[in-house]
Amino acid sequence: MRVFLICISAICFITAASGASGASGAMAASTITIVTDSPPITMDPSGSYTDSNMGFMANIFDGLTERKGENGELKPALAVKWERKDDLSWKFWLRKGVKFHNGNDFTATDVKFSFERLKKPEVSKFTDFGNQIASIDIIDDYTLEIKTTSSLHWFVQQLHMLFIVDKESSEKRNQGDMGQKPIGTGAYKFKEWIKGSYLKLTVNNEYWAGKPSIDDITFRAITETATRFAALVSGKADIMGGVPVAMYDRVASNSKLKIVSRPARRAIFLMLGNKPGTPLADAQVRKAIAMAINEDEIITKIMRGQAFKASQVPDSMTIGYNPDIRRIEYNPSEAKKLLKQAGYANGFDMTLSGPNNRYVQDSKIAEAVVKYLAKIGINAKLDVKPMSIYGPELTTGKLQCGLLGWFDSTNDLSRTYGILFHSFNKEAGFGSHNGVRYKDKQIDEMIKKANQITDTKKREQHLQELNRISIEDKVLYIPLHYQSHLYAIKKDKKIRFDPRPDKWMVAKEISLE
Amino acid sequence: MNKSFFKSKHWYNFRREPGAVIGSLIMVLFFLAAMFAPMIAPQNPYDLTEVSLEHFLLPPVWMENGQMPFVFGTDDQGRDIFSTILYGCRTSLIVGFGVLLLAGSAGVFLGMLSGYYGGRLDAFIMRAGDTVLCFSTSLLALFFLGIMGQRGVTMVIIAICISGWVRYARTMRGSTLGVKQEAYIMAARATGASDPTLLLKHLLPNALAPIFVVMAVDLAVVIGLEATLSFLGVGVPLTEPSLGMMIANGRDYVYTGMWWMVLFPAGALIMLVVGINLFADWLREELNPKISRKT
Amino acid sequence: MFVFIIRRLIQCVIVLLTVSLLCFILFQFAGDPVVNMAGKYATIEDIERVRSSLGLDKPFYVQYIRFIGNAAQGNFGMSYVSKMPTLELILERLPATVELAMTAMCIAFIAGVFLGVLVSLKPHSVFSRSIMALSLGGISIPTFLMGILLIMVFAVWLGVLPPFGRGETVNLGFWRSGLITVEGLKHIILPAMTLAMFQLAVLLRLTRGSMREILTEEYVVTAWAKGLPPLKVIFKHALRNALIPVITIAGLQIGEMIAFSIVTETIFQWPGMGNLLVRSIFETDNPVLVTYIMLAALIILAINLVVDILYAYLNPKIRYE
């Protein structure tokens with residue numbers, strides 16, 4: 001008992017002591033702590049394609065281009081301008097006078113080195129990009145020409161996530177070192193990374209776009225939802241990304257915090273297989289499933305209002321977005337009727353798969369969908385698992401019906417459709433994420449044709465038509481909603497921060513009033 | 001057997017020990033609740049047509065906005081907490097008794113062989129047992145499930161059994177060694193009884209008492225372990241009820257003041273385990289004071 | 001004695017080899033890590049290229065032999081996810097875990113033995129009975145639940161202790177310590193209590209049982225009768241002997257300690273090895289898993305060996321031929 005009392009008094013003492021020290025240590029330099037929901041995986045910018053890791057990297061590295069503002073407009077970064085010379089070749093003029101954090105000059109050789117490095121699957125997760133490149137010709141130190149293997153409209157649209165590394169130091173170091181000590185050209189220099197705890201960055205005074213407003217940044221990743229919330233209310237975070245939706249009301253009612261809900265581009269949707277002979281092959285059955293789902297209820301109860309109903313996978317910024325598509329609305333009695341007409345009055349069995357650690361409330365959405373299906377008589381088995389297990393099932397086409405979130409940072413529908421809905425074709429690289437192995441000749445042809453049209457306007461019309469047919473006629477997939485991301489900002493520091501639609505936390509965009 | 005049991009000294013001692021009585025009452029209560037869950041529970045939380053998002057996150061009935069029949073409130077999918085606890089206890093007890101059965105029979109069998117035949121076989125079994133035991137049941141189960149990547153009640157049972165059998169084997173081996181030299185075994189062997197008959201008919205019944213003690217202790221440990229594994233996300237999958245999973249799920253809501261999603265299942269789990277432990281404590285003292293509590 | 005140690009060492013090596021082999025066999029049933037590694041955009045060709053670059057297309061036994069060969073040189077391979085040497089990743093987090101486990105063990109041992117002695121002296125007092133009732137709770141409440149309940153009380157309702165992380169740490173060359181700053185100490189209280197609680201209850205019960213037996217021994221009774229000071233009797237005569245089984249068990253609990261530190265670290269976001277293990281499980285990062293298991297096996301076997309040797313040394317009755 002005495003031990004217990006001693007512990008308690010020790011606790012009280014320590015608490016009192018730290019309270020005092022905390023008050024005296026008022027902030028002099030501009031330092032902020034940003035709490036996010038997933039930790040950095042590696043400091044090698046080509047080592048991870050997750051939003052969160054690319055977000056960390058965007059502070060230390062630059063791409064040839066960058067995306068800015070609410071709509072994610074493409075802006076020049078390390079390249080000052082670019083030009084599409086013909087179907088296959090692109091010319092880039094690079095920014096002069098940029099230095100890497102180790103003092104090396106940034107030149108065209110670094111770009112060539114960085115892009116060619118992306119081809120190596122041992123170090124790169126962007127092999128798709130690496131493989132698009134046929135050749136890179138250095139014209140002079142600040143000009144280069146890239147030839148692609150096929151005609152790609154969106155080639156330049158993806159450069160903002162392909163960061164440029166220093167050739168000289170990278171060649172000297174091994175992969176382990178590359179993954180721990182990043183050397184980039186970005187607005188912040190790497191200071192310290194304690195895995196599982198924090199990542200500290202310090203300002204790059206010679207940044208080419210001017211020194212950012214805040215001197216020191218600490219990123220803390222807290223994966224547990226409840227713990228993240230505790231960190232926020234106890235004042236451990238100046239800015240927090242990934243505020244749990246379940247706690248929206250609590251955060252919103254806290255007078256010390258400002259909450260920002262940023263509509264994000266990612267759409268959550270259900271993929272449906274159409275293997276001949278299965279109930280799902282019938283478009284009417286697919287339509288019945290779409291009608292069974294009460295999306296409004298999912299948005300209010302599971303997403304707590306932090307989502308917008310989607311009528312299609314692409315968002316309005318994407319080429320191929322079709323504002324005229326009519327969403328199939330909730331109508332359970334009509335759904336039952338359709339099922340009866342299709343000969344499934346007594347329902348049927350199916351499996352709905354999905355991730356449980358990837359998107360906001362992902363497994364809960366899947367669980368709700370299964371419940372709606374049960375109400376029209378379809379007996380769906382719920383099969384949710386971590387993304388690391390679900391991902392391979394998706395890419396190897398083992399699913400019958402799968403929940404997925406998607407946004408394409410290239411802003412182009414044909415790439416999205418090629419990956420998600422084109423029938424699986426190993427050689428041509430189509431349908432790599434067609435986890436349900438949907439197969440439709442008409443859709444395949446339309447996707448292929450889109451890549452051959454050079455006229456921008458005509459191409460857009462074609463893509464819009466493709467989009468409409470796949471939803472209204474074929475019910476190829478069932479769009480659910482676009483998810484919003486929640487951010488909380490502590491008011492007392494007078495932080496100016498406008499969250500990005502791609503979920504990246506870019507510190508140079510944060511400033512103090 | 002019954003009549004003599006009620007006159008026995010065990011029954012007498014049992015009645016005089018409040019801990020044992022309370023413990024076994026709790027156990028019986030939980031067994032009945034789990035067994036008749038479909039009849040008692042107002043809702044089958046895993047029948048999807050019955051659960052609806054309409055009733056999500058309701059507080060317990062005695063609080064503002066509470067609604068019947070959701071006595072202990074509902075979770076974020078609209079499942080009744082009380083019903084889910086009943087179904088969760090089912091899983092707990094199925095895993096618990098599954099392990100007792102599987103690990104128990106495997107352990108008893110191996111322990112008997114080990115003690116009866118001795119020699120190399122004995123050395124091998126006991127060495128293997130020492131090894132798995134020094135890794136601890138929880139650690140092995142966690143590793144196993146982590147590597148396998150498959151979830152489910154059967155997987156959990158298998159995972160716990162990997163090292164669960166050892167204590168039974170050790171206990172059984174000890175008893176066998178003790179009984180082996182007794183006169184009646186010698187006599188049976190002299191009359192030409194075969195080894196299997198000898199082991200099953202004569203040895204086993206006389207060596208069972210300490211096994212019951214190990215079982216009682218084990219049941220509590222296994223139920224706690226199943227909850228832990230499910231909590232970590234490597235145990236029972238989301239689609240099956242489990243107290244550990246309920247607590248993991250409710251944990252996200254603790255900070256928003258929705259305590260009922262954690263405290264009720266936690267209370268049920270603690271009550272069940274404490275009940276079993278109370279009973280096990282008594283049983284140990286009663287049957288075999290020499291077995292030390294080692295998990 | 002020498003022969004005994006050599007024999008135990010050989011045994012340890014056999015166990016380690018078996019453990020690694022079992023891990024490898026189990027991985028054959030687990031999901032395909034290559035698909036994840038190659039990336040979201042990878043084509044089938046890329047996937048095959050990654051597979052061969054990692055040697056995962058080779059037959060099972062070739063992979064295994066290569067792993068053993070490398071492991072003997074301290075190279076356990078690269079993490080699939082972060083592409084860094086797994087041993088480095090794990091060892092980097094070792095100090096956090098060791099500090100947590102040691103703190104918990106100290107709390108459990110000191111409080112467990114102390115309370116155990118108190119309870120054994122007056123077994124029927126109200127105090128003893130309530131301590132025993134609490135210890136029943138200690139062995140019955142699973143660690144994860146203990147953690148959540150402590151967080152609910154001390155971090156959410158009372159708001160006096162931080163519910164996550166390690167606080168401020170100081171780098172002492174090769175060791176990053178959280179025990180020398182006030183913030184760090186504050187952060188370790190809840191997780192250490194969580195981890196200690198179960199062990200505390202176990203050790204308390206053991207001490208009590210063992211003390212009760214010894215207090216009835218003749219030499220203790222004689223010591224009382226001689227009128228020696230009570231503290232001297234309790235600590236010098238009784239406790240010293242009562243502690244032998246307690247220490248043995250405490251040493252053998254190391255496996256449990258590791259298992260529950262995994263749980264505790266997950267709940268408190270403690271940046272230790274256990275936290276990494278759980279993450280790696282969800283990311284199917286097999287090399288990290290194997291390295292962790294091998295390391296855990298090594299630690300457990302080493303500690304068991306030390307305990308055995310000490311035991312043989314202390315207790316001349318036992319002979320190891």
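In what follows, every heavy atom counts, from backbone to side chain, and hydrogens, waters and symmetry copies are set aside. Lettering of chains follows the sequences in order, A, B, ..., and the numbering in each one begins at 1.
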S.K.: Please check if any side-chain donor atom of A:T410 sits under 3.5 Å from a side-chain acceptor atom of A:D412, or the reverse.
M.R.: no
S.K.: So if I apply the side chain to side chain contact (heavy atoms under 4.5 Å, CB included) rule between C:S280 and each of C:T284, C:L277, C:V278, C:L276, which one comes out positive?
M.R.: C:L276
S.K.: Against chain C, label A:Y390 side chain, backbone, both or neither, depending on which of its atoms sit under 4.5 Å from a heavy atom there.
M.R.: neither
S.K.: Side chain, backbone, both or neither: which part of C:I267 has a heavy atom under 4.5 Å from chain A?
M.R.: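 Contact with chain A involves the backbone of C:I267 alone.
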S.K.: Given side chains that start at C-beta, do those of C:E265 and C:L100 come closer than 4.5 Å, heavy atoms only?
M.R.: yes
S.K.: Which region of A:T223, side chain (C-beta onward) or backbone (N, CA, C, O), has a non-hydrogen atom less than 4.5 Å from a non-hydrogen atom of chain C, or is it both or neither?
M.R.: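 Both parts, heavy atoms under 4.5 Å.
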S.K.: Which of these, A:F163, A:F155, A:F129, sits in a ring pair (Phe, Tyr, Trp, His ring centres under 6.0 Å) with A:F115?
M.R.: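 Exactly one pass, corresponding to A:F129.
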S.K.: Is it the side chain or the backbone of A:K385 that comes within 4.5 Å of chain C heavy atoms, both, or neither?
M.R.: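 Contact with chain C: none, neither part.
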S.K.: Relative to chain A, which segment of C:T181 carries a heavy atom at a distance below 4.5 Å: side chain, backbone, both, or neither?
M.R.: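 The answer is neither part of C:T181.
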S.K.: Run the salt bridge (Lys or Arg N to Asp or Glu O under 4.0 Å) check on C:K186 and C:E183 step by step: do they pass?
M.R.: CA-CA 5 Å; C:K186 236 169 86 178; C:E183 267 299 296; 3.7 Å; yes
S.K.: If only side-chain N and O atoms count, and only distance matters, is there a donor-acceptor pair under 3.5 Å linking C:E99 with C:W175?
M.R.: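 Judged by distance alone, the side chains do pair up.
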S.K.: Counting only heavy atoms closer than 4.5 Å, note whether A:Y198 contacts chain C via side chain, backbone, both or neither.
M.R.: side chain
S.K.: Report which part of C:R93 has an atom under 4.5 Å of a heavy atom belonging to chain A: side chain, backbone, both, or neither.
M.R.: side chain
S.K.: Tell me, for A:S197 versus chain C, whether the close heavy atoms (under 4.5 Å) come from the side chain, the backbone, both or neither.
M.R.: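 For A:S197, backbone and side chain are both near chain C.
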S.K.: Considering only heavy atoms and a distance below 4.5 Å, find which of A:M178, A:E224, A:Q175, A:K120 pairs most often with chain C.
M.R.: A:E224
S.K.: Any chance the side chains of A:S124 and A:T127 put a donor and an acceptor closer than 3.5 Å?
M.R.: no
